[in-house]
Protein chains: 2
Amino acid sequence: MSIQNLIASVNERLTPTELRIAEAVLDDPMLLTFGTVSALAERAGTSRASIVRFATKLGFEGYSELQKSVRDGVSQQLTSPSHRVRHQDGPTAPIQFEIENAMHQAFEVLDDTCLRAMADPIVVAPNIWILSGETSMAGAHALYSGLSMTRPNVRLIQEHATGRELCGALPGDVAVVFDFARYRKNAVIAARTLSDLGVTIVAITDGPLSPLSSLTEIRCELKIPAVGPFDSSVPAVIAAELLVAEVVSELRDEARNRIDRLEVFWQATGTFLNYGPRPNRDA
Amino acid sequence: MSIQNLIASVNERLTPTELRIAEAVLDDPMLLTFGTVSALAERAGTSRASIVRFATKLGFEGYSELQKSVRDGVSQQLTSPSHRVRHQDGPTAPIQFEIENAMHQAFEVLDDTCLRAMADPIVVAPNIWILSGETSMAGAHALYSGLSMTRPNVRLIQEHATGRELCGALPGDVAVVFDFARYRKNAVIAARTLSDLGVTIVAITDGPLSPLSSLTEIRCELKIPAVGPFDSSVPAVIAAELLVAEVVSELRDEARNRIDRLEVFWQATGTFLNYGPRPNRDA
DNA sequence: GTGGACTTGTAACAAACTGTACAATATAAT
DNA sequence: ATTATATTGTACAGTTTGTTACAAGTCCAC
């Protein structure tokens, strides 16, 4: 039961001082969530003892218990919905469960603000460099595939050719770096070098502990589930695809024109068999 | 500045114990919001003093000040209306729905029987050839990455080099082909040629109408959602990862030994930075 | 006015808190 | 091997905490 309802249920039995306390609590719930007895007493213009009596009148053992109850409620509010359903039963497909969880988390992290922050530099940069460790290549490929159909000068850097390929990078370019624990030395060092060079780093990684996180604020931090002995690429791929979609929606006609020209080229070279439905181009 | 960014900004200067603290804090932010120094110390398996030092390293006067900062952030979150509506709608909601649907369908299709049917040939074949259209490369890469860490003689075929690379294929080999509507002529023709040659085809595709489906009974048929103007690679990646997991579990010690040897090699060449927790290898 | 019930603040206290000085231990460098 | 450095835990000091006992004050009935 919420603190508001709790107070309502006893409001007719409250003494004048207790009423002042109640008003203070209702006016600023954070007082009860974080505050001490002393703080609340001062705010309500009363003594600490009255605060404790107020708590007992609400049916708690003391102030501590009242505060614990309030905090539990706040915790529930704050924890993500995916977190709440985490402890379901039926571990028939633990992998599926893990991946779905990670996916939920990915969609939560990749909200409008985050996507736009990552897409904006990509839209305007003269060159895009995509870096990735060998083991997290799937996400990088998804991004490369989508971006290169959307705008020019997108390059995917193979690990063994990092130096040779990156030497063309200039200030104002953007490097999108995929890297997850345990972080590839090659990718991290390359990112750091590019950053020093004035290249904007967009990081798709797995948490504030990532060495990439200290390089840039333009980043998303994904939860990576395990599939058997290896890490899943699904979150990285989702991030890449949403990022592409965001870039497309920001570039609008420019991207659409490029896609159409690509389509002409495909038709001319007979790339496809043209069976089945065309992919969706309305979004 | 959020606690996550704060930790990110110093993550490379953290000592092992402080890293454990950081992990605990990131894992359960409520611990920092409500908990005491003692509680955090116990959770992180360290002493109270280290908690205080951790707080100072983050730039605060002490733990109290750190906690105050976190609480200020939480207060803002709770009072701002954006928090309440954040998890409901948004431009990514329909995409999320589509992808989740496709994912469920993928897990349904990729049941034990199907996975084993696809994994069995891969386990015994002398050579594995992975084919994919340029646009559905992410799944192929996920499979290549996983399989090549699991068994020898796995090759990913680039479209422009199909002929040159595939001429080494022999009867008894296995070709895993990724292809979705609108089907790549190159991939389909290559698969057909290989099939005629006596190579077992394992198809990861999108339905009975696929030209690949007529080539082999060893296949899975996925539903492919759209993300913006392009098709999602997520189902293909999931299929690839589950397939790898199945192959690993069938190869057992053989795969484990190879992974261990790979690990030795990684260690020797210093591939990783080895920050953060090791990936899960128990599953 | 006086007694009794009720309300409220003061004071005392034990427990728990944070922060710091110091010692022990582990790690690195010479 | 030995010094120097960095890291971590222990112990203690000084506050602040929540709680409770007690006294002062208030209100009402008679």
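Note on naming: letters A, B, ... go to the chains in the order of the sequence lines (proteins, then strands), and numbering restarts at 1 for each one. Only this structure's heavy atoms are used, side chains among them; waters, hydrogens and symmetry mates stay out.
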Engineer: Between C1' on C:dT8 and CG on A:Leu19, what's the gap in Å once rounded to a whole number?
Structural biologist: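 Atom CG in A:Leu19 sits about 15 Å away from atom C1' in C:dT8.
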Engineer: Could you tell me how far apart A:Phe60 (CZ) and D:dG18 (P) are, to the nearest whole angstrom?
Structural biologist: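 Taking CZ of A:Phe60 and P of D:dG18, I get 15 Å after rounding.
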Engineer: Distance check, rounded to the nearest 0.5 Å: B:Leu19 atom CG versus B:Phe54 atom CZ?
Structural biologist: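 Here the interatomic distance stands at 9.0 Å.
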Engineer: I need the CG-P distance between A:Leu58 and D:dG18, as an integer number of Å.
Structural biologist: 16 Å
Engineer: What residues from residues 32-41 of chain B pass a heavy-atom cutoff of under 4.0 Å to DNA chain D?
Structural biologist: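 Within this stretch, nothing sits under 4.0 Å of the strand.
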Engineer: Take the protein atom CD of A:Gln67 and the nucleotide atom P of D:dT17, then report the distance between them rounded to whole Å.
Structural biologist: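 For the pair A:Gln67 CD and D:dT17 P, the rounded distance is 11 Å.
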Engineer: If I compare all heavy atoms of A:Asp173 with all of A:Gly168, which pair ends up nearest, and what's the gap?
Structural biologist: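 Nearest pair, atom of A:Asp173 first, then A:Gly168: OD2-O, 4.3 Å.
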Engineer: In the structure I gave you, are the side-chain heavy atoms of A:Lys57 and A:Glu18 within less than 4.5 Å of one another anywhere?
Structural biologist: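 Answer yes - side chains close enough.
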Engineer: With the side chain counted from C-beta on, respond yes when B:Glu241 and A:Ser233 share a heavy-atom pair under 4.5 Å apart, and no when they do not.
Structural biologist: yes
Engineer: Taking atom types as modelled, find out whether B:Gln67 and B:Ser64 have a side-chain donor-acceptor pair closer than 3.5 angstrom.
Structural biologist: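 The criterion, which ignores hydrogens and geometry beyond distance, is not satisfied for B:Ser64 and B:Gln67.
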Engineer: Between the main-chain N or O of A:Leu31 and the side-chain N or O of A:Arg43, is there a donor-acceptor pair closer than 3.5 Å?
Structural biologist: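 The answer is no, because no donor-acceptor pair under 3.5 Å joins these two groups.
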Engineer: Decide yes or no on side-chain contact (heavy atoms from CB on, under 4.5 Å) for A:Asp206 and A:Glu221, but give the supporting numbers first.
Structural biologist: CA-CA 5 Å; A:Asp206 62 354; A:Glu221 293 164 353; over 6 Å; no
Engineer: Write down the distance between CD1 (A:Ile51) and P (D:dT19), rounded to a whole number of angstrom.
Structural biologist: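 Distance, rounded to whole Å: 11 Å.
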Engineer: Testing the basics here: between B:Ser249 and B:Arg252, what is the closest heavy-atom pair and its distance to 0.1 Å?
Structural biologist: O-CG, 3.2 Å
Engineer: Between protein and nucleotides 6-13 of chain D, map the contacts as a letter string: B base, S sugar-phosphate only, - none, heavy atoms under 4.0 Å, written 5' to 3'.
Structural biologist: -SBBB-B-
Engineer: To the nearest angstrom, how far is B:Tyr63 atom OH from C:dT18 atom C1'?
Structural biologist: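 After rounding, the reported distance stands at 10 Å.
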